[in-house]
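Below is one structure, written out as structure tokens; comments come after it.
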Amino acid sequence: MTEAPPERFARSAPRWQRIGVPIASVLLGSLVTIVPVIATGPVLPPLGLMVLLGWRLLRPELFPVWAAAPFGLFDDLVSGQPMGSAVLLWTVAFFAIELFDTRLVWRDFLQDWLIAAGAMAFVLIGGRLIASPIAAHVDTMLLVQILVSVMLFPLVARVVAWLDRKRGRA
Amino acid sequence: MAPPRNRRPGFSRRAQYGLFFSYVVAALCVVAAIVLLALSRINPPAFTALRSGVAELTAPVSGGIAAAVRAVASVPDGIGHYFGVKRENARLRAQLAHDHELLMRARMLSYDNHRLKHLLELRDRSTETVAAARLISSSATSTRRFALLNAGLRQGVRGGQPVSGPHGVIGRVLEAGPDTARVMLLIDPESAVPVRRTRDGVPAIASGRGDTLLEVRPVSLVDKPFKIGDVLLSSGTGGLYPPDIPVARVVKLTRDGALAMPFEQPDTLDYAIVQRAFFRAPPPPAPPAP
């Protein structure tokens with residue numbers, strides 16, 4: 001099924017909607033921790049980070065590098081990690097993606113997926129090192145969590161792409 | 001995919017400066033994050049107000065979803081109960097008769113115990129219940145094991161109070177907001193509970209590992225090794241947890257202790273009870289004179 005071509009001279013969507021939809025989707029992703037489950041391990045993927053990466057890789061011009069910091073701050077407020085952990089790790093991951101943008105110029109979703117996988121693994125492992133003592137027995141669950149997050153990323157990317165169509169034209 | 005154009009500012013000075021400025025701001029954010037991390041390491045309750053502010057907003061959502069899940073989950077239960085009630089009745093009558101004798105003996109023991117304690121002039125501190133509420137959500141994306149309790153300062157919950165469930169200790173309150181409190185579960189990698197074996201009262205420390213088990217280490221090096229199936233109760237040492245609340249059962253032996261499975265598997269379906277700290281926390285040490 002093909003979509004009808006957009007009207008040439010259609011009115012552009014309001015600015016608050018163009019920028020509000022991405023921001024709200026990232027914050028909602030961070031709020032995945034409010035599901036009423038008492039987990040005995042890190043079982044949920046870091047959805048806030050995944051949505052943010054989805055937007056960053058789909059629309060590089062949407063968020064500046066520093067946007068990762070306030071999103072990370074909100075994630076720290078709801079995730080139970082020590083304050084500042086996601087602020088630090090997400091911003092560093094954004095810097096790394098910026099670097100990839102200048103080196104890996106022509107790329108496909110496969111490369112984007114790899115970059116997102118690297119970013120998620122970096123943030124989750126870094127978060128574990130910051131939050132839990134080295135002796136803690138959380139590494140197996142952490143690996144599972146990273147794997148699940150990597151496998152889920154294409155789905156998140158599809159949802160982000162759908163939101164990108166729905167937020168209206170520029 | 002073609003390279004995005006907007007990241008390359010071209011010859012526009014304004015765009016170049018703008019991009020550079022965004023990098024500067026991001027670098028400052030990284031520095032601020034490191035400061036935040038250091039602060040939260042030095043003074044963990046520093047951001048209580050912020051965190052509990054957000055928790056106040058998310059708690060009703062979690063509570064609502066949990067209530068809906070409870071309602072749905074109770075339907076098959078209700079039907080089962082309706083049909084099972086007759087059989088249950090007969091079984092309970094038999095059990096009652098069987099337990100009567102046990103009860104009589106326990107009553108006598110309790111009376112004896114009371115009398116002997118009175119002789120020794122031991123005084124048991126009463127442990128009042130502060131609040132009963134449900135755990136509504138948890139830090140399921142993190143390697144730490146925190147849960148959010150649906151009661152806070154207004155219900156009398158304060159930081160440091162022990163939380164237990166119908167089967168045993170759940171954890172303790174870390175920080176309390178107006179209507180919510182953050183609870184550190186037993187299995188959190190930084191949690192530790194002083195326990196003793198029911199068999200012979202040997203004291204030990206049960207600390208969380210981050211997975212579902214607790215690591216139990218005897219306090220003193222006695223050669224009375226643990227056995228699988230040993231039951232551990234809280235000992236009341238340290239004054240936080242009241243004594244004699246079930247904590248865990250030993251499931252595996254290790255070189256210098258044992259691994260134990262907590263009795264209480266916290267669940268959003270059950271109530272958790274917050275009790276007053278067994279002893280009041282000692283006052284903070286006076287700042288050293290300059």
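Chain A is the first sequence line, chain B the second, and so forth, proteins listed ahead of strands; every chain is numbered from 1. Values below: all heavy atoms of this structure, side chains included; hydrogens, waters and symmetry mates excluded.
Only the side chain of B:Val61 comes within contact range of chain A, with heavy atoms under 4.5 Å apart. With a 4.5 Å cut-off on non-hydrogen atoms, A:Pro70 does not touch chain B at all. With a 4.5 angstrom heavy-atom cutoff, B:Ser40 touches chain A only via side-chain atoms. If you measure heavy-atom distances from A:Val35 to chain B, the contacts under 4.5 Å come from the backbone alone. When heavy atoms are compared at a cutoff of 4.5 Å, B:Ile65 approaches chain A by way of both its backbone and its side chain. Residue B:Ala147 touches chain A through its side chain alone, counting heavy-atom pairs closer than 4.5 Å. Heavy atoms of B:Val25 lying under 4.5 Å from chain A belong to its backbone as well as its side chain.
Of the listed residues (B:Ser139, B:Ser142, B:Gly64), the greatest number of heavy-atom pairs within a distance under 4.5 Å of chain A belongs to B:Ser142. Note: A:His137 leads A:Arg128, A:His137, A:Gln111 in heavy-atom pairs under 4.5 Å with chain B. Chain B forms more heavy-atom pairs under 4.5 Å with one residue of A:Pro82, A:Ala135, A:Ala69, A:Ala86 than with any other, namely A:Pro82. The candidate from B:Cys29, B:Ser207, B:Ala140 with the greatest count of non-hydrogen atom pairs under 4.5 Å with chain A is B:Ala140. Note on A:Ala136, A:Pro42, A:Pro46: by heavy-atom pairs under 4.5 Å with chain B, the leading option is A:Pro42. Heavy-atom pairs under 4.5 Å with chain B peak, among A:Asp76, A:Leu44, A:Val87, A:Val78, at A:Leu44.
A distance-only check finds a donor-acceptor pair linking the side chain of B:Ser62 to the backbone of A:Ile34 [under 3.5 Å]. The backbone N or O of A:Ile130 sits less than 3.5 Å from a side-chain atom of B:Arg41, completing a donor-acceptor pair.
Residues B:Arg51 and A:Gln81 come closest through the heavy atom pair NH1-O, 4.1 Å. Considering all non-hydrogen atoms of both residues, B:Phe146 and A:Gly80 come closest at CE1-O, 3.1 Å. Heavy atoms only, all atoms of each residue included: A:Leu88 and B:Ile34 are closest at CD1-CG1, 3.8 Å. Residues B:Glu190 and A:Ala131 come closest through the heavy atom pair OE2-O, 3.9 Å. Scanning both residues, B:Ser22 and A:Val65, for their nearest heavy atoms gives OG-CG2, 4.1 Å.
Annotation: the span from B:Asn43 atom CG to A:Met83 atom CE amounts to 12.5 Å, rounded to 0.5 Å. If you take OG1 on A:Thr40 and CG on B:Leu186, they are separated by 13.0 Å, rounding to the nearest 0.5 Å.
Proximity of A:Leu142 to B:Thr143: side-chain heavy atoms (C-beta onward) are separated by under 4.5 Å at one or more points. A:Leu73 places a side-chain heavy atom less than 4.5 Å from the side chain of B:Leu36. For the pair B:Thr141 and A:Ser79, the minimum side-chain heavy-atom distance is below 4.5 Å. Residues B:Ser137 and A:Val37 fail the side-chain proximity criterion, which asks for heavy atoms closer than 4.5 Å. Under the 4.5 Å side-chain criterion, counting only non-hydrogen atoms from C-beta, B:Ser138 is not in contact with A:Thr33. Between B:Leu185 and A:Ile38, the closest side-chain pair of non-hydrogen atoms falls below 4.5 Å. Counting heavy atoms from C-beta outward, B:Pro189 and A:Ser132 have side chains that approach closer than 4.5 Å.
Around atom CZ of A:Phe109, more than 12 heavy atoms belonging to other residues, nucleotides or ligands sit under 6.0 Å away. Heavy-atom neighbours of A:Phe74 CZ from other residues, nucleotides or ligands within 6.0 Å: above the threshold of 12.
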*asked:* I'd like to know whether B:Tyr23 forms a side-chain contact (heavy atoms from CB on, under 4.5 Å) with A:Phe95, so could you lay out the CA-CA distance, the side-chain angles of the two residues, the decisive distance to 0.1 Å, and finally the verdict.
replied: CA-CA 8 Å; B:Tyr23 287 144; A:Phe95 266 120; 3.8 Å; yes
